[in-house]
Amino acid sequence: MNINLTLFAQLISFAIFVWFCKNYVWPPIVAAMEERSKKIADGLNAAEKAGQDLEEAHKQVEAQLVEAKVQAAGILDQANKRAAQIVDEAKEQAVVEGQRLKGAARADIEQEVNRAKEQLRSQVASLALVGAEKILEASIDENAHSDIVNKLAANL
Amino acid sequence: MASESMTSGEYISHHLLNLTYGKLPAGYERVGYDGHSHVLEQAEWTLAHSATEAADMGFMAIHLDTIGWSLFLGILFCWSFGRVAKSVTAGVPTGFQNFVEMVVDFIDDNVKGIFHHKNPWIAPIGLTIFVWIFLQNLMDLVPVDWIPWLAMQMGVEYMRVVPSTDVNATLGMSLGVFLMILYYSIKQKGVGGFAAELAFQPLPKWALPFNLFLEVVGLIAKPISLALRLFGNMYAGEMVFIIISLLPFYLQWTLSVPWAIFHILVITLQAFIFSTLTVVYLAMAYDHH
């Protein structure tokens, strides 16, 4: 084993390689690695935040659903009430209309009856005259006796 | 075995010799391959032809294979990681970027656990050491004869492909770490503070020489232990591979495969230990005792 100038040659090349490594190899690689780990950390944070946001959104949706249900129930209730009201109103109107119709019909009937009575009355007078003629077999002075017959007819 | 004309001893020592380019002094007697020798008239820079020549070159020599491979692997590291760093995206990572990020993250975690001050250099130092040493060690898993054989075909006599089995390489790196320890110690505590740390503990002031001795030994032990631990592990591992390759080729796999699998653990562990201890030592340089 001879110790010789190789020692210093090796020392110099060592220094050069270290210098090269310090200036051109180490900084960019470490910088890139640090940047990547920062990116990953940021990504993880963002994912966590997104998860929280999602949970919050879920909660909001649930709250809104509950509210909507309550509103729907309210609307349904109102609609039901209104429907009942409409039905009641319709019933009342129907009753009123029915009574009105009944009244009108009754008035019509009375009128008809009166008219029939009147007709009957006038026909009874002539019937009675005919009957009396037949009974008396004599000629009765129509003028003389028409008063009596008319009185009779009016008494019917 | 590389060539049948070699004895086992020659084969092993051939595998353990670096491609050494150095200065032979004037008057040096070189022995050629044919056994003839000639005397150099003046000092000469040349490739060593034998272990003796390599040793005689002394300090003024350089291991071309060690430097070549470690440069190649270091550049491979810078190129491949630099390419990822250029196109890196904070989006979904794919392919090689995954791997690079895994390594960077591993080192980053490790450094953050040990080093609690602010210094943009520490983590890149840890990464460079870890990957570079891992790649150097990884060359140990290339079958021991392949690259030396190829080199031989190209006329290169010696070729050791695992830089971390050369004590020069490991010492070179740990020397770098040592300089950083000194630099940051002085930067953080000042010359006086650093000196006081060496002189006035663990015992009170009256034991200054003893303290100084203890602390300086402790300080110097850091780079030495870093270098020798890695060197020792890799050298031993390589040695075992070389010895296994002395077996007949049809038997080699029975030992080399288990050893290689075990060695995967060793090379990773050694790279990790060197890198982590460097960070620990630098953290200690920052801390006040």
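Each chain gets a letter, A, B and so on, in the order the sequences are listed, and its residues count up from 1.
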If every non-hydrogen atom of [X] is compared with every non-hydrogen atom of [Y], which pair is closest and at what distance?
{"X": "B:Gly91", "Y": "A:Arg36", "result": "O-NE, 2.9 Å"}
{"X": "B:Val88", "Y": "A:Pro28", "result": "CG1-O, 3.6 Å"}
{"X": "A:Asn4", "Y": "B:Phe59", "result": "CB-O, 3.2 Å"}
{"X": "A:Ile3", "Y": "B:Asn168", "result": "CA-OD1, 3.3 Å"}
{"X": "A:Phe14", "Y": "B:Val177", "result": "CE2-N, 4.2 Å"}

Note to self: Is it the case that the side chains of B:Thr66 and A:Gln10 hold a donor-acceptor pair, with the cut-off being a distance below 3.5 Å and no angle test?
What the structure shows: no
Between [options], which shows the greatest number of heavy-atom pairs under 4.5 Å with chain A?
{"options": "B:Ala90, B:Ala85, B:Gly22", "answer": "B:Ala90"}
{"options": "B:Ile125, B:Val104, B:Thr20", "answer": "B:Val104"}
{"options": "B:Gly82, B:Pro163, B:Ser70", "answer": "B:Ser70"}

Checklist line | chain A contact via B:Ile75 - which portion, at a heavy-atom distance below 4.5 Å | finding: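 Both parts, heavy atoms under 4.5 Å.
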Check: B:Met180 versus chain A, heavy atoms under 4.5 Å apart: side chain, backbone, both or neither?
Finding: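 Contact with chain A involves the side chain of B:Met180 alone.
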Side-chain contact test, heavy atoms from C-beta onward, threshold under 4.5 Å: evaluate it for [X] versus [Y] and give yes or no.
{"X": "B:Met173", "Y": "A:Leu11", "value": "no"}
{"X": "B:Pro124", "Y": "A:Phe20", "value": "no"}
{"X": "B:Ile62", "Y": "A:Phe8", "value": "no"}

Next item on the list: Could you tell me the separation between the NE2 atom of B:His63 and the CG atom of A:Leu7, rounded to the nearest 0.5 Å?
Entry: 11.0 Å
Next item on the list: Rounded to the nearest 0.5 Å, what's the gap from CD1 on B:Ile67 to OG1 on A:Thr6? Could you check?
Entry: 5.5 Å
Counting only heavy atoms not in [X] (residues, nucleotides, ligands), do more than 12 fall under 6.0 Å from its [atom1]?
{"X": "A:Tyr24", "atom1": "OH", "answer": "no"}
{"X": "B:Phe106", "atom1": "CZ", "answer": "yes"}
{"X": "A:Glu97", "atom1": "CD", "answer": "yes"}
{"X": "A:Glu55", "atom1": "CD", "answer": "no"}

Next item on the list: Please list all pairs passing the ring-ring contact (aromatic ring centres under 6.0 Å, His included) test where one or both residues lie in residues 91-128 of chain A, with sequence neighbours left out.
Entry: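 As it turns out, there is no ring-ring contact (aromatic ring centres under 6.0 Å, His included) pair with a partner in residues 91-128 of chain A once direct neighbours are skipped.
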Margin query: For a side-chain contact (heavy atoms from CB on, under 4.5 Å) check, start with the C-alpha distance between B:Asp108 and A:Trp26, then their side-chain angles and the critical distance, and finish with the verdict.
Written below: CA-CA 10 Å; B:Asp108 200 32; A:Trp26 188 268; 3.4 Å; yes
Margin query: Quick check on the structure: residues of residues 93-100 of chain B within a heavy-atom distance below 4.5 Å of chain A, by number.
Written below: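 When heavy atoms of chain A are the reference, residues 93-100 of chain B contributes B:Pro93, B:Gln97, B:Val100 within the under-4.5 Å range.
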Item checked: Pairs meeting criterion salt bridge (Lys or Arg N to Asp or Glu O under 4.0 Å) with involvement of residues 224-242 of chain B, two or more places apart -> B:Arg160-B:Glu238
Next item on the list: Keeping to residues at least two apart or across chains, list the salt bridge (Lys or Arg N to Asp or Glu O under 4.0 Å) pairs with something in residues 47-61 of chain B.
Entry: B:Arg30-B:Glu53
Margin query: With a 3.5 Å distance limit and no angle check, can you tell me whether A:Asn2 reaches the backbone of B:Gly58 through a side-chain donor-acceptor pair?
Written below: no
Check: With no hydrogens and no angle check, is any side-chain donor or acceptor of A:Ser13 less than 3.5 Å from a backbone partner on B:Leu71?
Finding: no
Item checked: Worked check of side-chain contact (heavy atoms from CB on, under 4.5 Å) between A:Trp19 and B:Trp121 -> CA-CA 9 Å; A:Trp19 171 83; B:Trp121 282 92; 4.0 Å; yes
Notebook entry, point to check: Do you know which of A:Ser37, A:Pro27, A:Cys21, A:Ala32 has the most heavy-atom pairs with chain B at a distance under 4.5 angstrom?
Noted result: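 Top option by heavy-atom pairs under 4.5 Å: A:Cys21.
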Margin query: Which atoms of A:Lys22 are under 4.5 Å from chain B, going by heavy atoms: the side chain, the backbone, both sets, or neither?
Written below: both
Checklist line | Which portion of A:Ala9 sits near chain B, non-hydrogen atoms under 4.5 angstrom | finding: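 Contact with chain B involves both backbone and side-chain atoms of A:Ala9.
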Margin query: Which label fits A:Phe17 and B:Trp132: parallel for a plane angle under 30°, tilted from 30 to 60°, or perpendicular past 60°?
Written below: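 Because their plane-to-plane angle is over 60°, the rings of A:Phe17 and B:Trp132 count as perpendicular.
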